[in-house]
Asks: 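To start, I am sharing the structure in question, which I have written as structure tokens.
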Amino acid sequence: HPIFVALGGIIPRSLVNIVLDERRDAEGRVKRPHTRAYEFVAPGVTYSTDFIAVRPRGRVLRVQDERSRFWLGFAHKDHWPDHDVAAFVEEIFKKFGPSLFFKHDLGGEFRGTDFQDMLRRHQVIAVPSPPYYPKFNGKNERSNRSARQWLAPTEQDRPTLNQIWEQMTQATLDQNDARPKKVLGGRTPSDVFHNEPRVQVDRAKLYSDWDALRDQTLRRAA
């Protein structure tokens with residue numbers, strides 16, 4: 001944290017992270033292996049979203065692609081009515097194309113009619129997190145941690161909303177274009193998202209099969 005505060009305004013924070021990784025490697029630190037790990041095979045299969053609470057007020061809503069870790073967009077509001085959440089994610093769909101699946105937590109903004117109807121219009125399958133299990137949306141949570149590192153120095157001074165916007169913009173550029181990731185084979189999220197081939201799937205059939213299975217499951221539960 002002190003390194004980010006002292007150097008973040010002078011050099012790209014992606015370089016700070018590279019130095020930290022090299023130091024960890026030199027000290028022989030071994031990361032604990034994940035007992036359960038998965039990766040999506042292509043960009044555009046699954047998007048995920050989450051909120052970041054910021055000071056002095058409001059929350060940032062951010063959406064990313066799960067394969068590439070590409071940050072698709074963010075927005076800050078003092079309050080997020082259900083229809084605003086749905087409209088923001090729909091703009092992401094219009095700009096980058098709708099994903100096949102969409103991961104979200106059990107917040108009321110995502111479970112509400114506005115958001116779920118929007119997913120249905122685009123034939124996107126909702127994948128809500130299990131209760132009390134934030135690891136389910138772990139890729140998004142880890143990216144949010146990076147965003148908070150960018151916001152932390154300014155939050156201490158109670159920033160203006162313009163400063164929050166500027167910091168999030170720089171964080172997005174850093175994450176997407178300036179920071180190669182080992183999990184991506186040393187490529188940047190932007191490179192992977194824009195250049196890897198998409199999966200060819202019959203969206204209408206996939207959604208129809210899921211819809212029928214959901215209805216069948218609900219009838220059994222009733």
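No experiment lies behind these values; they were computed from the predicted model shown.
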Asks: Side chains of Phe74 and Thr169, heavy atoms from C-beta outward: is any pair under 4.5 Å?
Replies: yes
Asks: Using ring pair (Phe, Tyr, Trp, His ring centres under 6.0 Å), reason through Phe193 and Phe96 one step at a time and then give a plain yes or no.
Replies: CA-CA 10 Å; Phe193 182 78; Phe96 295 104; 5.6 Å; yes
Asks: Before giving the answer on side-chain contact (heavy atoms from CB on, under 4.5 Å), spell out for Leu213 and Gln216 the whole-Å C-alpha distance, their side-chain angles and the decisive distance to 0.1 Å.
Replies: CA-CA 5 Å; Leu213 178 61; Gln216 182 182 16; 4.1 Å; yes
Asks: Check each of Phe115, Trp80, Phe88 against Phe110 using the ring pair (Phe, Tyr, Trp, His ring centres under 6.0 Å) test, and report the only one that passes.
Replies: Phe115
Asks: According to a hydrophobic-cluster definition based on side-chain heavy atoms being under 4.5 Å apart (Ile, Leu, Val, Met, Phe, Trp, Tyr only), do Val183 and Val41 belong together?
Replies: no
Asks: Is any side-chain heavy atom of Arg67 closer than 4.5 Å to a side-chain heavy atom of Val192?
Replies: yes
Asks: Quick check: closest heavy atoms across Pro197 and Ala42, and the distance to 0.1 Å?
Replies: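 What the structure gives for the nearest pair is O-CB, 3.4 Å.
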Asks: So, for Asp114 and Asp82, which heavy atoms are closest and what is the spacing to 0.1 Å?
Replies: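 Here Asp114 and Asp82 meet closest at OD2-CB, 3.7 Å.
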Asks: How long is the straight-line distance from CG of Asn176 back to CG of Asp65, given to the nearest 0.5 Å?
Replies: 10.0 Å
Asks: Tell me the closest heavy-atom pair linking Pro189 and Ser68, and the distance in Å.
Replies: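 Minimum heavy-atom contact is CB-O, 3.1 Å.
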Asks: Any chance you could measure Thr49, atom OG1, to Leu61, atom CG, to the nearest 0.5 Å?
Replies: 4.0 Å
Asks: Would you list the atom pairs, donor with acceptor, under 3.5 Å between side chains in residues 118-125 and any protein atom, with sequence neighbours excluded?
Replies:
unit_1 : atom_1 : unit_2 : atom_2 : d
Arg120 : NH1    : Asp211 : OD2    : 3.2
Arg121 : NH2    : Glu90  : OE1    : 3.2
Arg121 : NH2    : Glu90  : OE2    : 3.3
His122 : NE2    : Glu90  : OE2    : 2.9

Asks: Just checking, Arg69 and Tyr47: is the charged tip under 6.0 Å from the six-membered ring centre and within 45° of the axis?
Replies: no
Asks: Return the OG to CZ distance between Ser48 and Arg62, rounded to the nearest 0.5 Å.
Replies: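 If we round to the nearest 0.5 Å, Ser48:OG and Arg62:CZ are 7.0 Å apart.
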Asks: Within this structure, what is the NE2-CD distance for the pair His104 and Gln116, rounded to the nearest 0.5 Å?
Replies: 4.5 Å
Asks: Distance check, rounded to the nearest 0.5 Å: Lys103 atom NZ versus Asp50 atom CG?
Replies: 11.0 Å
Asks: Is there a path from Val199 to Trp210 through hydrophobic residues (I, L, V, M, F, W, Y) whose side chains come within less than 4.5 Å of each other?
Replies: yes
Asks: Please evaluate residues Val201 and Leu100 with respect to the criterion side-chain contact (heavy atoms from CB on, under 4.5 Å), reporting the C-alpha separation (whole Å), side-chain torsions for both, the decisive distance (0.1 Å), and the verdict.
Replies: CA-CA 9 Å; Val201 175; Leu100 298 172; 4.1 Å; yes
Asks: With a 4.5 Å cut-off on side-chain heavy-atom distances among I, L, V, M, F, W and Y, is there a chain of contacts connecting Val63 to Phe51?
Replies: yes
Asks: Any chance you could measure Arg59, atom CZ, to His76, atom NE2, to the nearest 0.5 Å?
Replies: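 Reported value, rounded in 0.5 Å steps: 10.0 Å.
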Asks: Taking the side chain as every heavy atom from C-beta outward, state whether Phe101 and Glu66 have any pair of such atoms under 4.5 Å apart.
Replies: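 When only atoms from C-beta onward are counted, Glu66 and Phe101 do not touch, as no gap falls below 4.5 Å.
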Asks: So among Glu196, Lys182, Lys181, which one has a side chain to side chain contact (heavy atoms under 4.5 Å, CB included) with Arg187?
Replies: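 It is Glu196, the one option of Glu196, Lys182, Lys181 that forms the side chain to side chain contact (heavy atoms under 4.5 Å, CB included) with Arg187.
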